[in-house]
Amino acid sequence: QVQLVESGGGLVQAGGSLRLSCAASGRTFSSYDMGWFRQAPGKEREFVEGITWSGGTTYYADSVKGRFTISRDNAKNTVYLQMNSLKPEDTAVYYCAASSSRRGGSFDNGARYQYWGQGTRVTVSS
């Protein structure tokens, strides 16, 4: 079992930055691929970024290309999402998710992930 707790959300003006953190506890964090998803009001959950267990490969949605960066620190059992140049359309609840690296599958598929956090809200004002 893996427990995930997100933090770092809040209210920010357009053009600003936030860094989200996702702290993991439980089984070996370094054996899990990680992903960030978001869900805006009235919309379906969507993939934001993903990172392999080693941190060697990352994946991102076109909507955040060049603005968001995922990273991880396996020594701290934490994955991060650095969000720059925020836009009002980035407003959403952001969730981190964990998937066993042996599970396989596309990083942008939510069904790949076995564990989810409770989410942290990000609001970007115009």
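The chain is numbered in sequence order, starting from 1.
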Quiz item: Do Ser63 and Phe68 touch side chain to side chain, with heavy atoms closer than 4.5 Å?
Solution: no
Practice problem: Establish, for the pair Arg38 and Phe47, whether the NZ or CZ atom is under 6.0 angstrom from the six-membered ring centre and no further than 45 degrees off its axis. | Solution: no
Quiz prompt | Spacing of CG belonging to Leu20 relative to CD1 belonging to Ile70, to within rounding of 0.5 Å | solution = 10.5 Å
Quiz item: How about Glu46: does its CD atom have over 12 heavy atoms from other parts shown lying under 6.0 Å from it?
Solution: yes
Quiz prompt | salt_bridge(Arg103, Asp33) N-O dist < 4.0 Å | solution = no
Quiz item: Cation-pi between Arg72 and Tyr80: NZ/CZ under 6.0 Å from ring centre and within 45° of the ring axis?
Solution: no
Exercise. Report yes if some heavy atom in the side chain of Met83 is under 4.5 Å from a heavy atom in the side chain of Tyr94; otherwise report no.
Key: yes
Self-check item: Pi-cation contact, Trp116 with Arg45 (under 6.0 Å, within 45°)
Solution: yes
Practice problem: Calculate, to the nearest 0.5 Å, the distance between atoms CD and CZ belonging to Glu6 and Arg121 respectively. | Solution: 12.5 Å
Quiz item: Quick one: are Tyr95 and Thr120 in side-chain contact, heavy atoms under 4.5 Å?
Solution: no
Self-check item: Test item: Ser101 side-chain N/O and Ser31 main-chain N/O as donor-acceptor pair under 3.5 Å
Solution: yes
Quiz item: Would you say Asn109's side chain and Ser106's backbone share a donor-acceptor pair under 3.5 angstrom?
Solution: no
